[in-house]
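A quick write-up on the structure given underneath.
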Amino acid sequence: MLGTVTPVPESAGSGVAVVIPVSVSVRDLRPRDLPACGWSGSATHVRQIERQLARAAAGEADYLAVCTPADLPVAIGGIDYRASAGAGTLWQLAVLPALQSCGLGTLLIRAAEQRIRDRGLRRAELAVEEDNPRARALYERLGYAAYGREPDAWDKEGPDGSIHRYETMCVLMRKAL
């Protein structure tokens, strides 16, 4: 059981936060979920997720969804079992922006780590952009340690629908499971 925190307006006087309990579950992401995942990125990004679901069906990856009681994905992320020998590599982790800092990312990562252990692997890895300190702080809090850095690049869709190559530098992190 997770909760969302809603601040009480200043006009209410106390400034006390109210916690509203919300029950969520983790399951495999399904192709029929994709229309509800537009919050995670552009149409190009959602098509990339669709390709990764085909890899999941072939056993090369898993793609998880944290869902509300209405079965809507509010956090998603993949695990690639081919990227690094002896490890599951977490990638494309995203939480609905309005629900960030509510524990959904932690729940998603813990579920991914369990999937990795279930495959008999004892290490999880990931890469985080150097200019994303918030995500890096989450990974460090969950026990991931930096061990290197490397450039990465992918196609990104602009507001006008044009595709360009996005290049960035990532910190490589890993955790023994």
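Position 1 is the first residue of the sequence; numbering continues from there.
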For the residue pair [X] and [Y], what are the closest heavy atoms and their distance?
{"X": "Ile116", "Y": "Ala124", "result": "CD1-CB, 3.8 Å"}
{"X": "Ala111", "Y": "Val26", "result": "CB-CG1, 3.7 Å"}
{"X": "Asp33", "Y": "Asp28", "result": "OD2-O, 4.3 Å"}
{"X": "Ala36", "Y": "Leu72", "result": "CB-CD2, 4.3 Å"}
{"X": "Pro73", "Y": "Leu29", "result": "CG-CD1, 4.2 Å"}
{"X": "Glu125", "Y": "Ser84", "result": "OE1-OG, 3.0 Å"}

_Using the rule that Ile, Leu, Val, Met, Phe, Trp and Tyr join whenever any side-chain heavy atoms are under 4.5 Å apart, tell me whether Leu126 and Leu172 fall into a single cluster._
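Hydrophobic grouping puts Leu126 apart from Leu172.
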
_Shared hydrophobic cluster, Leu64 / Leu177 (ILVMFWY, side-chain heavy atoms < 4.5 Å)_ =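 Looking at the clustering, Leu177 is in the same group as Leu64.
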
*Who passes salt bridge (charged side-chain N to carboxylate O under 4.0 Å, His left out) against Arg149, sequence neighbours left out?*
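Applying salt bridge (charged side-chain N to carboxylate O under 4.0 Å, His left out) to Arg149 gives Glu130.
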
*Backbone N or O of Thr44 within a donor-acceptor pair of the Glu157 side chain at under 3.5 Å?*
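Here the side-chain-to-backbone pair exists.
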
*Counting only N and O atoms by type, is there a donor-acceptor contact under 3.5 Å from the side chain of Ser42 to the main-chain atoms of His45?*
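A pair under 3.5 Å: yes.
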
_If you apply the rule side chain to side chain contact (heavy atoms under 4.5 Å, CB included), what do you find for Tyr139 with Val171, and how did you get there?_
CA-CA 11 Å; Tyr139 304 142; Val171 175; over 6 Å; no

*So Tyr166 and Trp154, would you call those rings parallel, tilted or perpendicular, with 30° and 60° as cut-offs?*
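Ring orientation of Tyr166 relative to Trp154: tilted.
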
*Pick out which of Arg165, Arg47, Arg51 makes a salt bridge (charged side-chain N to carboxylate O under 4.0 Å, His left out) with Asp155.*
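That would be Arg165.
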
Return the [atom1] to [atom2] distance between [X] and [Y], rounded to the nearest 0.5 Å.
{"X": "Glu129", "Y": "Asp152", "atom1": "CD", "atom2": "CG", "value": "8.0 Å"}
{"X": "Trp91", "Y": "Thr89", "atom1": "CH2", "atom2": "OG1", "value": "9.0 Å"}
{"X": "Leu142", "Y": "Leu90", "atom1": "CG", "atom2": "CG", "value": "10.0 Å"}
{"X": "Asp118", "Y": "Gln114", "atom1": "CG", "atom2": "CD", "value": "4.5 Å"}
{"X": "Leu96", "Y": "Ser40", "atom1": "CG", "atom2": "OG", "value": "9.5 Å"}

*Test Asp62 against Arg55 for salt bridge (Lys or Arg N to Asp or Glu O under 4.0 Å), laying out the working first.*
CA-CA 8 Å; Asp62 280 321; Arg55 290 187 63 226; over 6 Å; no

*asked:* Within the 4.5 Å heavy-atom criterion, are Asp71 and Arg27 side-chain neighbours or not?
replied: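 Yes, at least one pair of side-chain atoms sits under 4.5 Å.
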
*Pairs in or reaching into residues 139-148: which pass salt bridge (Lys or Arg N to Asp or Glu O under 4.0 Å), with residues at least two apart or in two chains?*
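Matches after skipping sequence neighbours: Arg136-Glu140.
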
*Please list all pairs passing the salt bridge (Lys or Arg N to Asp or Glu O under 4.0 Å) test where one or both residues lie in residues 168-177, with sequence neighbours left out.*
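Residue pairs passing salt bridge (Lys or Arg N to Asp or Glu O under 4.0 Å), neighbours aside: Glu113-Lys175.
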
_Enclosure of Arg110 CZ (heavy-atom neighbours >12, cutoff 6.0 Å)_ =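 No, CZ of Arg110 has 12 or fewer neighbouring heavy atoms, counting only those of other groups under 6.0 Å.
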
*asked:* Within the 3.5 Å criterion, strictly below it, is a donor on Gln92 or Tyr63 matched to an acceptor on the partner's side chain?
replied: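 The answer is yes; a qualifying pair exists.
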
*Any side-chain donor near an acceptor of the partner, Ser101 and Arg134, under 3.5 Å*: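 Yes, a side-chain donor-acceptor pair sits under 3.5 Å.
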
_The test is side chain to side chain contact (heavy atoms under 4.5 Å, CB included); show your working for Val128 and Met173 and say whether it passes._
CA-CA 8 Å; Val128 59; Met173 304 183 81; 3.8 Å; yes

*Evaluate the side chain to side chain contact (heavy atoms under 4.5 Å, CB included) criterion for residues Trp39 and Val46: first the C-alpha distance (whole Å), next the side-chain angles of each, then the deciding distance (0.1 Å), finally the verdict.*
CA-CA 9 Å; Trp39 55 265; Val46 174; over 6 Å; no

_side chain to side chain contact (heavy atoms under 4.5 Å, CB included) for Ile76 and Val95? Distances and angles first, verdict last._
CA-CA 7 Å; Ile76 59 174; Val95 175; over 6 Å; no

